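First comes the structure, then the notes that go with it.
All values below come from the heavy atoms of this structure, side chains included, with hydrogens, waters and symmetry mates left out. In listed order, ligands and their atoms are each counted from 1. None of these values were measured; they are calculated from a predicted model.
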Amino acid sequence: MGSVKAYVFLLFIATLSSFTMAVPQVPCYFIFGDSLYDNGNNNHLFTEAKSDFPPYGIDHPDGPTGRFSNGRNIADVIAQLLGFENSIPPYASASGEDILRGVNYASGAAGIREESGQHLGGRISLDRQIAHHATTILKLVELIGNGSLAPVRRHLKKCIYTVAMGNNDFINNYFFPQYYKTSSLYTPEEYAEVLVQQYTQQLSKLYEYGARKLGISGAGYSGCAPAMMTRYETNGCVDAVNGAVVQFNAKLTTALVDLESKLTGAKFVYINPSLGYSPEFNVTDKPCCNVSTTIGEGQCAPNQEPCVARQNYVFWDAFHPTENISIVDGATAYATMSPFYVSQTKLKLPLSV
Ligand SMILES: *[C@@H]1O[C@H](CO)[C@@H](O)[C@H](O)[C@H]1NC(C)=O
Ligand SMILES: *[C@@H]1O[C@H](CO)[C@@H](O)[C@H](O)[C@H]1NC(C)=O
Ligand SMILES: *[C@@H]1O[C@H](CO)[C@@H](O)[C@H](O)[C@H]1NC(C)=O
Ligand SMILES: *[C@@H]1O[C@H](CO)[C@@H](O)[C@H](O)[C@H]1NC(C)=O
């Protein structure tokens with residue numbers, strides 16, 4: 001039946017198309033995270049952790065989308081560097097064949113712990129983001145598996161997964177004793193331990209669900225966020241917060257090495273959190289937008305003019321980085337994850353977007 005000829009022909013088409021169209025370095029990218037990665041999942045939730053109004057999105061071609069940024073967020077930058085033409089769609093609106101390229105499950109205010117962020121209202125905790133991923137897998141079984149799981153598993157193991165959690169377990173849990181009791185139950189070191197234990201189980205579940213290439217971001221040094229300086233009434237970074245984060249990141253790094261040795265075929269890469277400082281970002285302690293006194297804590301007040309010199313600011317609102325900081329952080333994440341794809345395609349340089 002000339003199947004070899006057909007195969008050669010198909011190979012030719014595939015080779016040709018890789019020159020004529022933008023082909024991403026991996027077929028699919030799944031995103032788990034908090035507001036640094038959310039691109040619209042909170043829009044339909046009853047929560048104060050929302051950003052689907054101006055001035056959010058002022059530098060984004062689609063305007064306010066639910067990204068906690070003036071423009072793109074880290075997930076957008078990573079997807080772009082991987083060669084995807086469009087951002088990975090949010091779970092809330094992903095449909096049909098969209099899900100073949102991946103899904104973004106991230107949700108503002110969400111944590112490793114179920115209760116983190118609950119004083120703000122609705123949010124999709126990491127456990128529930130993983131449950132949403134199970135739903136996606138069932139859809140993939142219909143879409144590409146013809147009812148069976150094996151082809152879906154072959155597809156999923158080629159995908160990149162990033163997981164970036166922990167920020168809200170500190171700023172919207174441990175360091176908010178008015179609402180949460182964890183700081184009276186645990187020392188910072190014990191808290192780092194219980195968080196990493198829970199996180200390890202959650203990451204193992206993703207492995208069970210077929211993930212093999214996982215980039216895990218450390219928690220950010222949120223003690224330097226303007227909102228935390230306001231909460232602690234100080235002009236400098238809050239050392240207690242950053243100290244707790246350092247312990248968490250150290251335990252997480254060790255846990256990932258351990259997980260990789262236990263889970264056959266899996267690769268875990270630890271991604272350094274943002275440092276946010278470089279000479280061109282010389283405004284480090286103030287948000288660019290005017291912050292609301294009624295919505296959440298540290299989010300932009302609706303419909304006000306933000307600062308003009310956004311390229312100089314680390315912080316867009318009192319918690320979240322500007323687009324240009326996200327470009328730096330996304331490039332770091334992309335470069336750190338190069339073992340996932342460098343052998344398949346040439347690494348595209350430069351990393352500036
Ligand atoms: C899909 O599955 C059905 C039932 O198992 C089988 O009859 C059919 O041949 C399969 N189709 C393809 C394209 O593999
Ligand atoms: C930051 O740098 C710009 C020039 O790049 C300068 O105009 C501005 O005054 C500086 N701001 C601060 C707070 O140092
Ligand atoms: C934002 O805050 C600054 C400083 O308080 C103020 O001067 C400015 O008028 C505010 N912008 C708007 C649009 O209210
Ligand atoms: C980001 O940085 C580039 C280069 O400095 C600058 O041209 C651009 O205006 C910045 N974008 C924003 C939104 O600040």
Worksheet item: So C289 and C307, disulfide (SG to SG under 2.5 Å) or not? Walk me through it.
Response: CA-CA 6 Å; C289 70; C307 73; over 6 Å; no

Practice prompt. Sort out the contact shell of ligand 4: every protein residue with a heavy-atom distance below 4.0 Å, listed by chain and number.
Written response: D59, N70, R310, Q311, E323, N324

Practice prompt. Tell me whether the guanidinium CZ or amine NZ of R231 lies under 6.0 angstrom from the six-membered ring centre of F176 and within 45° of its axis.
Written response: yes

Item to complete: Identify whether NZ of Lys or CZ of Arg in R101 sits under 6.0 Å from the centre of the six-membered ring of Y29 and within 45° of that ring's axis.
Response: no

Discussion item. Before we go on, tell me: are the rings of H133 and Y91 under 6.0 Å apart, centre to centre?
Written reply: no

Discussion item. Is it the case that over 12 heavy atoms from other parts of the model lie below 6.0 angstrom from the CD atom of E189?
Written reply: no

Worksheet item: Is the number of heavy atoms from other residues, nucleotides or ligands within 6.0 Å of CD (E233) greater than 12?
Response: no

